[in-house]
Amino acid sequence: MPVPAPDVVRAADAELVVTDLARSRWFWVDALGFEAIEEDDEVIYLRGYEEFLHHSLVLRKGPEAGLRRLSYRVRTPEDVQRAKDFFAAKGLPTQDVPAGTTRGIGEAVRVEDPFGFPVEFFHHAEQGPRHVQRYDLRRGAEPSRIDHFNVLTPDVQAAHDFYAELGFRTSETIEDADQIYAAWMFRKPTVHDIAFTGGAGPRLHHIAFFVPESHQILRACDILGSTADHGHIERGPGRHGVSNAFYLYLRDPDGHRLELYTSDYYTGDPDHQTYRWDVQDPRRRDFWGHDVVPSWYREGSTALGLDGAPKELVHPPVSEETVHVGADGLGVVTEAELQRS
Ligand SMILES: O=C1C=CC(S(=O)(=O)O)=CC1(O)O
Ligand SMILES: [Fe+2]
């Protein structure tokens with residue numbers, strides 16, 4: 001008798017381990033404009049202006065940078081138990097998380113998915129102050145809310161199939177006749193809550209935050225340029241092929257990647273069709289055909305297991321970077337060169 005999947009509402013929260021809390025605070029609060037809704041010497045709770053829950057992201061001080069958890073909200077309290085049963089039935093590690101372990105979040109279950117990612121499911125959550133119209137507080141890139149996770153994993157097909165079993169639908173893919181190189185999957189009616197990027201994993205590729213318009217993305221670039229902190233800008237600004245969103249990728253002081261993201265599209269109808277990009281289409285990742293910088297394909301944040309230890313990396317047999325020529329400007333690199341980089 002198959003164990004029913006939990007009813008996942010959306011990607012809702014995440015926790016990153018950072019090594020210098022003050023430096024991280026400068027980047028995420030002073031430069032980018034997140035609100036530090038609660039903080040002490042060990043942890044900062046960051047919040048976007050359109051967030052209705054307690055926070056959008058947790059930065060926790062630690063000796064080694066890493067991804068501690070990706071968290072999804074589920075529709076009912078019973079769905080927390082359903083999540084535990086679903087993962088336990090597959091022999092995957094699960095951990096009960098008492099209410100309040102994360103400020104503003106009720107009891108949760110934390111699991112390791114089949115690809116080594118630390119994933120948490122919760123329902124009860126405190127509503128935070130309504131700042132959506134507090135324009136007097138808005139600063140920096142005026143981050144609105146958390147939008148999605150993107151993770152690096154060596155077998156995108158397997159990850160896609162498992163999350164489809166978990167009830168996620170697929171909005172877009174990048175593929176060729178041989179394989180799928182990347183997939184975008186959703187529960188909330190937008191392009192994605194989780195994306196799988198082919199590469200050595202389990203590693204976090206990025207966490208994306210919605211901003212009101214492309215203007216806020218350009219402002220983030222101007223702010224970082226003004227303070228000569230332009231080195232935090234990794235890729236963009238630009239227009240995505242996949243998702244049609246306007247985007248910018250930044251790296252925080254520990255190298256954690258975040259994306260500022262706006263104007264993707266609605267996917268909520270029951271017959272929404274998956275759009276499949278050819279891996280040779282130079283517009284797939286940047287609609288204007290701009291190169292994808294090598295670090296964007298190669299670098300990510302270490303995933304921490306439920307025991308807090310860094311997860312061992314598994315490398316893919318073939319990666320998009322070695323297949324695609326043209327817009328990426330990378331030409332063809334061998335897998336061996338890639339693994340040496
Ligand atoms: O959110 C995203 C939407 C599109 C893309 S891509 O670079 O266009 O593939 C990457 C991304 O996953 O960060
Ligand atoms: Fe993204």
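Read the numbers this way: they start at 1 and go in the same order the structure lists the ligands and their atoms.
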Participant: Between Ser243 and ligand 1, does any nitrogen or oxygen pair lie at a separation below 3.5 Å?
Facilitator: no
Participant: For Tyr45, which fellow cluster members are found when Ile, Leu, Val, Met, Phe, Trp and Tyr are connected by side-chain heavy-atom distances below 4.5 angstrom, either directly or through intermediates?
Facilitator: Ile37, Val43, Val58
Participant: With a 4.0 Å cut-off, would you call Asp193 and Lys188 a salt bridge?
Facilitator: yes
Participant: Select the closest option to atom 10 (C) of ligand 1 among Tyr249, Tyr181, Phe196, Phe149, judged by heavy-atom distance.
Facilitator: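 Heavy atom nearest to atom 10 (C) of ligand 1 belongs to Tyr249.
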Participant: Any N/O of Asp286 closer than 3.5 Å to an N/O of ligand 1?
Facilitator: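 So ligand 1 has no N or O lying under 3.5 Å from an N or O of Asp286.
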Participant: Do any nitrogen or oxygen atoms of Arg285 lie less than 3.5 angstrom from nitrogen or oxygen atoms of ligand 1?
Facilitator: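 So ligand 1 has an N or O lying under 3.5 Å from an N or O of Arg285.
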Participant: Does any donor atom in the side chain of Glu259 or His148 lie under 3.5 Å from an acceptor atom in the other side chain?
Facilitator: yes
Participant: So which heavy atom on Phe121 is nearest to which on Val80, and how close?
Facilitator: O-CG1, 4.0 Å
Participant: Arg235 to ligand 1: N or O pair under 3.5 Å?
Facilitator: yes
Participant: Closer than 2.8 Å to the Fe ion (ligand 2), what protein N/O/S atoms do you find?
Facilitator: His148 NE2, His206 NE2, Glu259 OE1
Participant: Heavy atoms only, cut-off 4.0 Å: how does Arg284 contact ligand 1, side chain, backbone, both, or neither?
Facilitator: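 Backbone only; the side chain of Arg284 stays clear of ligand 1.
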Participant: Would you indicate whether the side-chain heavy atoms of Asp113 and Tyr163 approach each other to under 4.5 Å?
Facilitator: yes
Participant: In the single-linkage hydrophobic clustering (I, L, V, M, F, W, Y; side-chain heavy atoms under 4.5 Å), do Val17 and Leu46 co-cluster?
Facilitator: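 No, Val17 does not connect to Leu46 through the hydrophobic network.
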